[in-house]
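Shown next, in structure tokens, is the structure this report addresses.
Within every chain, numbering begins at 1; the chains are lettered A, B, ... in the order of the sequence lines, protein sequences first and strands thereafter.
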Amino acid sequence: MRFGFCHMILLIPAFWLGSCSYSKKFTHTYYQENDTLFQSIKRRYKNLYQEHPFSVAIKDKSFRRIAFEILTDSIKYVYNFEIGEQRLTDTLFKYKFDVSGINSLLSDMQRLHCTWITNLDYYENGQAKYLVFVSIRHKKLKAFLRSEKYFTLAFFDRPRNYDIKGRLLDNQDGKTLQRINGGLFFRINDRVCYSLSANFR
Amino acid sequence: MGIVGSPWSLSANPVYRDSMNFSTTKEAITYLDSVKKLEPNNLWPNVDPDLFLQNLRHFATKPLNFYEGKATNFCSYSALTYIPLQYDPLGFSRFMVTLYKTGKARMGKVEFQPGEAVRNEAGLLRYKGALDISPAGQMWFLCLASYFKGYLNFFNRHYNKGDENTLWASTNFAKFNRMLRKLFYLKTRARGSDLIRPWISDEYTSLKDKMKDHIVFLYLNNRLLYKKKHIVTRLGIPTHYVLLMDLFQSEDGTINIVYWDYGRKTLQQLDAKFLHKIVYGITFCHFRKK
């Protein structure tokens with residue numbers, strides 16, 4: 001009885017530690033395995049955004065229901081659709097979007113388990129700059145007794161500086177850690193960094 | 001949930017009525033022109049005076065661009081700022097310039113005299129989007145948050161760096177209504193609470209009715225309205241304040257809600273059940289007769 005109890009005491013922390021280990025493995029491999037597709041999504045999104053600003057959130061487990069946010073200077077329209085439904089196509093036509101470009105982007109977002117894509121503004125020396133922000137929801141990021149995390153990626157246009165621990169630094173002073181959506185980001189390469197976040201946007 | 005033929009016009013601002021104005025944009029700009037230049041002030045060591053005046057001009061000319069910042073708890077302060085920016089831009093500009101020059105200023109029944117921690121922080125908030133380049137906005141938010149306290153602020157009453165994201169800046173429903181009553185010449189009524197939704201059988205009709213002659217603010221469960229996680233939480237609590245700008249029904253019965261937050265209007269389509277689920281508080285107010 002006492003022997004069993006000792007085993008339990010040892011197993012619980014071991015199990016807990018095991019449940020924490022998902023993230024490191026995932027963050028190191030997922031981007032590398034899908035580098036080309038990520039870069040392609042980023043490039044196409046930026047081109048489509050320049051024609052007509054928008055953001056997309058995928059809202060369900062099966063990656064079918066989306067919230068399509070159409071941004072104008074004064075108002076943001078948020079519409080809910082199922083991918084592939086006629087209303088989505090009608091709306092894209094109405095707002096003069098590149099329908100095939102958007103559909104292809106949505107399909108690649110599904111492939112990558114991407115739940116959110118947007119263009120985020122940040123400020124350096126008083127000037128607005130933009131980065132493409134992408135969130136990934138993946139079953140490998142779920143673990144027993146752990147709340148779900150999202151693998152969030154920030155794509156910059158220019159190379160960025162990182163500290164010795166690989167944390168993203170503010171370009172303005174080169175010392176302060178830069179936060180995006182309240183989180184710290186870590187290096188993947190000089191223009192892409194990641195974070196594990198409790199929120200996808 | 002059709003979108004074609006939406007009766008909502010892009011330029012419309014159904015909440016706003018000219019007749020209720022205490023001052024105009026033109027008067028505010030004339031006043032700011034008369035100020036010409038402000039000298040750096042040790043009371044606000046991190047506020048750039050030129051940028052500060054530029055911010056005030058922007059607030060006066062584009063009040064709906066007023067931005068509360070990313071990942072802050074300033075939404076309640078931002079929502080109520082609609083009132084001075086839209087109806088008394090001159091009064092707001094004067095208030096802000098006095099606050100900058102003397103470190104204290106009066107609005108409504110409130111004499112603001114923020115402490116050193118707040119004065120030193122104004123102008124330093126970063127990674128909040130456009131709020132980074134709005135020292136005037138930072139001053140205003142920090143002053144409001146440091147002056148008004150509710151039970152949510154009980155354990156964190158004094159500003160420390162980073163508190164704009166914490167309970168220090170948060171606002172319960174009673175505090176929100178108290179701020180409106182103390183700051184502006186308004187007759188304010190409210191329904192709802194922080195935990196229990198108001199007992200209204202038909203929110204759509206009720207809100208539509210209130211909007212005819214009131215400015216309406218909503219206290220919402222934003223976790224449902226603007227999902228940031230995929231998990232379904234049973235515990236619903238309101239966390240976000242918005243100004244309701246319009247409400248109309250599509251032919252298929254879908255409710256289109258237009259609200260103002262984060263420096264722009266948002267149109268979202270909901271069904272009646274969902275609207276009932278997210279609304280925890282309704283504050284409706286109108287100006288007392290001049």
How close do [X] and [Y] get, heavy atom to heavy atom, and via which atoms?
X        : Y        : answer
A:Lys76  : B:Tyr226 : NZ-CE1, 4.1 Å
A:Asp73  : B:Arg264 : O-NH2, 4.3 Å
B:His230 : A:Asp60  : CD2-N, 4.2 Å

* Asked: So, the side chain of A:Arg201 versus the backbone of B:Lys227: is there a donor-acceptor pair under 3.5 Å, distance only?
  ->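 Between the backbone of B:Lys227 and the side chain of A:Arg201 there is a qualifying donor-acceptor contact (under 3.5 Å).
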* Can you tell me if B:Arg126 uses its side chain to pair, donor with acceptor, with the backbone of A:Arg179 under 3.5 Å? ->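 Pair absent, no side-chain N/O of B:Arg126 close to backbone of A:Arg179.
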* To do: Output the distance between atom CD (B:Gln268) and atom OH (A:Tyr77), rounded to the nearest 0.5 Å.
  =>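 Rounded to the nearest 0.5 Å, the CD-OH separation comes to 13.5 Å.
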* Looking at A:Asp170, A:Ile70, A:Asn181, which one has more heavy-atom pairs under 4.5 Å with chain B than the rest? ->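 Of the options given, most contacts go to A:Asp170.
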* More than 12 heavy atoms of other residues, nucleotides or ligands under 6.0 Å from NZ of A:Lys46: is that the case? ->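 For A:Lys46, atom NZ is crowded (more than 12 foreign heavy atoms under 6.0 Å).
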* Asked: If you draw a 6.0 Å radius around NZ in B:Lys273, do more than 12 non-hydrogen atoms from other residues or ligands fall strictly inside?
  ->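 Open: at most 12 neighbouring heavy atoms sit under 6.0 Å from NZ of B:Lys273.
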* For A:Cys193, what residues pass the side-chain contact (heavy atoms from CB on, under 4.5 Å) criterion, not counting sequence neighbours? ->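 A:Ala154, A:Phe156, A:Tyr162, A:Leu168, A:Phe185.
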All N/O donor-acceptor pairs, side-chain side in residues 112-133 of chain A, below 3.5 Å, sequence neighbours left out:
from	atom 1	to	atom 2	distance (Å)
A:Thr115	OG1	A:Ser135	O	3.4
A:Thr118	OG1	A:Ser55	OG	2.8
A:Asp121	OD1	B:Lys70	NZ	2.5

* Asked: Among B:Thr266, B:Asp132, B:Asn65, which residue forms the greatest number of heavy-atom pairs with chain A at distances under 4.5 Å?
  ->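 Result: the option with the highest number of such pairs is B:Thr266.
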* Asked: Is the shortest heavy-atom distance from the side chain of A:Tyr150 to the side chain of B:Lys229 under 4.5 Å?
  ->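 Yes, close enough: below the 4.5 Å cut-off.
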* Atom group of A:Gln172 that falls short of 4.5 Å from chain B, counting heavy atoms ->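 Answer is side chain: those atoms of A:Gln172 sit under 4.5 Å from chain B.
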